[in-house]
Asker: 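Here's a structure for you.
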Amino acid sequence: MRPDQIDRLQDIAEQIGEVFLEEADPANWNGAGVPLASLDKDQRGGRYWDKKNAIQTGTLLARVLDLRDRDSRSLDTKTPEEDADQEINRFEKQAKDMVNAVIARATSKG
């Protein structure tokens, strides 16, 4: 990829990251603050959709970040096992960073 495309992917990743943080925040879900037993069918369906949408946005973010980083990985001369371990560690770090960002945001609002 060209450097300008990688820069654009980084910008898009940051935008998607902001959307993910909003969508993953339980305070923004349908029925927020209402006990689950009190939710009606429509609220439960909306809440399910909110969570599912956040998951899809997080998946899109991971894909964009993967695409952004693809060229730098292809230049490596590591064995497939080292590549797989590195990729697993990278995805685990991304997931941990996303969860920590959501926790930090939730605790800062509280």
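Values in this document were obtained by computation on a predicted structure and should not be read as measured data.
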Asker: Write down the atom of F20, the atom of V102, and the distance for their closest heavy-atom approach.
Answerer: CE2-CG2, 4.1 Å
Asker: With a 4.0 Å cut-off on N to O distance, would you call D66 and R70 a salt bridge?
Answerer: yes
Asker: After noting the C-alpha distance and the side-chain angles of I88 and E92, does the key distance pass the side-chain contact (heavy atoms from CB on, under 4.5 Å) rule?
Answerer: CA-CA 6 Å; I88 289 168; E92 286 176 346; 3.7 Å; yes
Asker: Do E22 and N28 have side-chain atoms, one donor and one acceptor, less than 3.5 Å apart?
Answerer: yes
Asker: Given side-chain contact (heavy atoms from CB on, under 4.5 Å), test E23 with I55 step by step and report yes or no.
Answerer: CA-CA 9 Å; E23 291 177 353; I55 290 168; over 6 Å; no
Asker: Tell me, yes or no, whether the heavy-atom count around Y48 atom OH, taken from other residues, nucleotides or ligands under 6.0 Å, exceeds 12.
Answerer: no
Asker: Walk me through whether V19 and Q15 qualify under side-chain contact (heavy atoms from CB on, under 4.5 Å).
Answerer: CA-CA 7 Å; V19 173; Q15 293 172 24; 5.9 Å; no
Asker: On a heavy-atom basis, which atom in T107 and which in A104 lie closest, and how many Å separate them?
Answerer: OG1-O, 3.1 Å
Asker: Report whether I12 and M1 are members of the same hydrophobic cluster (ILVMFWY, side-chain heavy atoms less than 4.5 Å apart, transitive linking).
Answerer: yes
Asker: Can you see which heavy atom on A32 is nearest to which on P26, and at what distance?
Answerer: CB-O, 3.6 Å
Asker: Begin with the C-alpha distance, continue with both residues' side-chain angles, and end with the deciding distance and a verdict on side-chain contact (heavy atoms from CB on, under 4.5 Å) for L61 and Q94.
Answerer: CA-CA 10 Å; L61 177 58; Q94 285 177 354; over 6 Å; no
Asker: Which residue, D11, L60, L21, L65, forms the side chain to side chain contact (heavy atoms under 4.5 Å, CB included) with I16?
Answerer: L60
Asker: Give me each pair satisfying salt bridge (charged side-chain N to carboxylate O under 4.0 Å, His left out) with a member in residues 26-47, each pair once, sequence neighbours excluded.
Answerer: none
